[in-house]
A.B. asks: 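Pasting a structure below so you can have a look.
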Protein chains: 2
Amino acid sequence: MPRISESTVRRLSHYYRALAEVEAEGGDVISSQRLAEREGTTPAQVRKDLSHFGSFGRRGLGYNVAHLRREIRRILGLDRRWRVAVVGAGHIGAALLGYRGFSAQGFDVVAVFDNDPQRIGQVLGAVQVRDVAELRAAAAAEAFDIGVVATPPPTAQAVADLLVSVGVSAILNFAPRKLFIPARVALRNVDLTMALENLSFALTPARGSRRRRAQD
Amino acid sequence: MPRISESTVRRLSHYYRALAEVEAEGGDVISSQRLAEREGTTPAQVRKDLSHFGSFGRRGLGYNVAHLRREIRRILGLDRRWRVAVVGAGHIGAALLGYRGFSAQGFDVVAVFDNDPQRIGQVLGAVQVRDVAELRAAAAAEAFDIGVVATPPPTAQAVADLLVSVGVSAILNFAPRKLFIPARVALRNVDLTMALENLSFALTPARGSRRRRAQD
DNA sequence: TAGATTGTTAATCGATTAACAATC
DNA sequence: TAGATTGTTAATCGATTAACAATC
């Protein structure tokens, strides 16, 4: 019932990874202390994050690795598969199709669309690129859960509108552009431009030229 | 002097984009109100963010579009170029090399390394893939500012260590793995797996099976 | 001048951290 | 039992929002 922050969900992903590793290493039980160390956070934070969803540990002992991993898997919804349609068959679209982690995570790319005649008909991964004009009909027949926007910025909003109108439940946006969509549709952005600009900021020492001087 | 939050920097990127568009549309002056609307935030937030760096507007009038854009450009450090070395010439590495936004943002990919003999020698974009064993010598000669980790997770930490040891100032990490590096080296992560898991969480309604029931 | 809008201070909100009783 | 570690409540911290005097 309490709203879960995006930071908490991000950390759950981290814990999930760490637990998979620990399990592979043959670890049986882990404390919030050790789990925190592995992912660069604090024990209190680990316990607080988990407490939003239930009690998964045993006082005095810690957490059963396999059990906690299954629970987080369920919490994150990774115990089912999602049908994904990608719009845009450029560099990013192609990289996504070649990315094995995608399907390992339960995401099946079942369709790719583009509007460039040169790209339509090409085969990426296991699917053939179709004309975006066919997207509406395809959606009716194939029930996409998630739409991926991998087009240039100027067309991103129109593509998002189209995906919303055919009923996707979520959009993953790779275009460096703010998308406006109804609150009922989940939206996450993977923005390389923003990461670069963040990095550039971190690398730039001489900011705040307008700051007051020492004697002020 | 006050520490600037990553959220603030992210929003500066958004404002920068919006200003570029407004300028292209011929807009001369813009209020915090209109700027906020375009990027889905609030006028107070816009003014607060900018106030960390100086006073760029005029009371009663708003902000001069071209001027504010230049100022944010300077704040973000986008008025210079960075020398980037990419390690890992797989799907992601290839997508980066094909990504025009990279160089448009001031980031020049001057070298690509891999350890796969099949990939060494291939030409990606304008550069030839070199053996990662040559990275140390190349760094001495070519002075990389930024290292990009685009390898599979198991080698990501070792690659990061190598990049730190040859003196890069920042690392951009695409591997779904927490990297531990010295505080003096800036780190940003672009994590597709995390975005997917976040989306999966948002799509999953039946969480918190361990939550107390109504009568408790 | 009157209306508009900034820059900044104060109030609110939410997330992180600390502390500790419960209990294995 | 004694030591360890959870789950949860309280304290702290930081970021967002609201309010308003300054001023174009």
Side-chain angles (χ1 to χ4, degrees), chain A residues 1-15 19 22 27-65 67-69 71-72 75 198 201 208-212 216, chain B residues 1-15 19 22 27-65 67-69 71-72 75 198 201 208-212 216:
Chain A
M1 213 65 126
R3 230 194 117 276
I4 306 298
S5 76
E6 208 173 312
S7 312
T8 293
V9 180
R10 237 196 326 272
R11 284 190 300 265
L12 286 180
S13 286
H14 277 126
Y15 307 152
L19 289 166
V22 172
D28 208 31
V29 165
I30 193 168
S31 64
S32 57
Q33 173 70 52
R34 284 220 301 127
L35 192 48
E37 276 165 15
R38 275 190 99 106
E39 294 299 329
T41 180
T42 66
Q45 184 78 80
V46 169
R47 299 201 298 277
K48 183 61 152 175
D49 286 337
L50 295 175
S51 76
H52 290 118
F53 304 99
S55 319
F56 307 112
R58 284 214 266 170
R59 293 170 197 235
L61 299 177
Y63 302 88
N64 176 289
V65 173
H67 172 67
L68 182 56
R69 179 156 178 265
E71 289 288 355
I72 296 181
I75 291 165
N198 237 291
F201 177 84
S209 62
R210 304 301 177 85
R211 202 72 42 65
R212 44 182 148 346
D216 290 356
Chain B
M1 212 65 122
R3 230 195 117 275
I4 305 300
S5 75
E6 208 173 311
S7 312
T8 294
V9 180
R10 236 196 328 271
R11 285 190 299 265
L12 286 180
S13 287
H14 277 126
Y15 306 152
L19 290 166
V22 172
D28 207 32
V29 165
I30 193 168
S31 64
S32 57
Q33 173 69 51
R34 284 219 304 129
L35 192 48
E37 277 165 15
R38 274 189 100 107
E39 293 300 326
T41 181
T42 65
Q45 185 77 81
V46 169
R47 297 201 300 276
K48 183 62 151 174
D49 286 336
L50 294 175
S51 76
H52 291 117
F53 304 97
S55 319
F56 307 112
R58 286 215 263 170
R59 294 172 195 233
L61 299 177
Y63 301 88
N64 177 289
V65 173
H67 173 66
L68 182 57
R69 179 157 178 263
E71 290 288 354
I72 295 182
I75 292 165
N198 236 291
F201 177 84
S209 61
R210 304 301 177 83
R211 205 68 48 63
R212 44 184 150 344
D216 291 354

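Protein chains get the first letters and strands the later ones, always in sequence-line order, with residue 1 at the start of each. Only a predicted model underlies this, so the values are computations on that prediction, with no experimental measurement involved.
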A.B. asks: Tell me: CZ of B:Phe53 to C1' of C:dT8, nearest whole Å?
C.D. replies: 16 Å
A.B. asks: Can you confirm whether B:Tyr15 sits close enough to B:Ile30 that some side-chain heavy atom of one is under 4.5 Å from a side-chain heavy atom of the other?
C.D. replies: no
A.B. asks: Can you tell me how far P of C:dT6 sits from CG of B:Asn64, to the nearest Å?
C.D. replies: 13 Å
A.B. asks: What's the closest nucleotide to the side chain of B:Ser51 if the choices are D:dA15, D:dA10, C:dT8?
C.D. replies: C:dT8
A.B. asks: Starting from P on C:dG7, measure out to CG on B:Leu35 and report it in whole angstrom.
C.D. replies: 12 Å
A.B. asks: If you look at every strand shown and take non-hydrogen atoms under 4.0 Å, does B:Arg34 touch a base, only sugar-phosphate, or nothing?
C.D. replies: nothing
A.B. asks: Treating A:His52 as the side-chain partner and A:Asp49 as the backbone partner, does any N or O pair qualify as donor plus acceptor under 3.5 Å?
C.D. replies: yes
A.B. asks: Between the two ends of the helix from C:dG3-D:dC24 to C:dC24-D:dG3, what is the bend in degrees, rounded to 10 degrees, where each end axis spans five pairs?
C.D. replies: 10°
A.B. asks: Can you tell which of B:Leu19, B:Val29, B:Leu68 makes a side-chain contact (heavy atoms from CB on, under 4.5 Å) with B:Tyr63?
C.D. replies: B:Leu68
A.B. asks: Reckon B:Gln45 has a side-chain N or O less than 4.0 Å from the OP1 or OP2 of D:dT17?
C.D. replies: yes
A.B. asks: Ignoring the backbone of B:Ser5, work out which of C:dT6, D:dA15, D:dC24 is nearest its side chain.
C.D. replies: D:dA15
A.B. asks: How long is the line joining CD1 of A:Ile4 and P of C:dG14, in whole Å?
C.D. replies: 14 Å
A.B. asks: Examine C:dG7: is either OP1 or OP2 under 4.0 Å from a nitrogen or oxygen in the side chain of B:Tyr63? Give yes or no.
C.D. replies: yes
A.B. asks: Check this one for me: any side-chain N or O of B:Ser7 less than 4.0 Å away from OP1 or OP2 of D:dA15?
C.D. replies: no
A.B. asks: Return the nearest nucleotide to the side chain of A:Arg58; candidates are C:dT17, D:dA15, C:dC24.
C.D. replies: C:dC24
A.B. asks: Rounding to a whole Å, what distance do you find between B:Glu6:CD and D:dA15:P?
C.D. replies: 11 Å
A.B. asks: Do the non-hydrogen side-chain atoms of B:Leu35 and B:Ser32 ever get within less than 4.5 Å of each other?
C.D. replies: no
A.B. asks: So if I take every side-chain heavy atom of A:Arg59 and compare against C:dT23, C:dT16, D:dC24, which nucleotide ends up nearest?
C.D. replies: C:dT23
A.B. asks: To the side chain of A:Thr42, which of C:dT6, C:dT16, C:dT17 is closest?
C.D. replies: C:dT17
A.B. asks: To the nearest angstrom, how far is B:Leu61 atom CG from D:dT23 atom P?
C.D. replies: 14 Å
A.B. asks: If you pin B:Leu50 and A:Asp49 to their nearest nucleotides in DNA chain C, which one's is more 5'?
C.D. replies: B:Leu50
A.B. asks: Between atom CZ in B:Phe56 and atom C1' in C:dG7, what is the gap in whole Å?
C.D. replies: 12 Å
A.B. asks: Taking the side chain of A:Lys48 as heavy atoms from C-beta outward, which of D:dC24, C:dT6, D:dA10 is closest to it?
C.D. replies: D:dA10
A.B. asks: Do A:Asp28 and A:Val22 come close enough that some side-chain heavy atom pair is under 4.5 Å?
C.D. replies: no
A.B. asks: Taking C-beta and beyond as the side chain, do B:Ile4 and B:Phe53 meet within less than 4.5 Å on heavy atoms?
C.D. replies: yes
A.B. asks: With a 4.5 Å cut-off on side-chain heavy atoms, are B:Glu39 and B:Arg11 touching?
C.D. replies: no
A.B. asks: Rounded to the nearest 0.5 Å, how far apart are CD of B:Glu71 and NE2 of B:His67?
C.D. replies: 4.0 Å
A.B. asks: Would you mind telling me which of C:dT16, D:dT6, C:dC24 lies closest to the side-chain atoms of A:Ser31?
C.D. replies: D:dT6
A.B. asks: Between C:dT8, D:dT8, D:dT17, which nucleotide has the shortest distance from any of its atoms to the side chain of B:Arg47?
C.D. replies: C:dT8
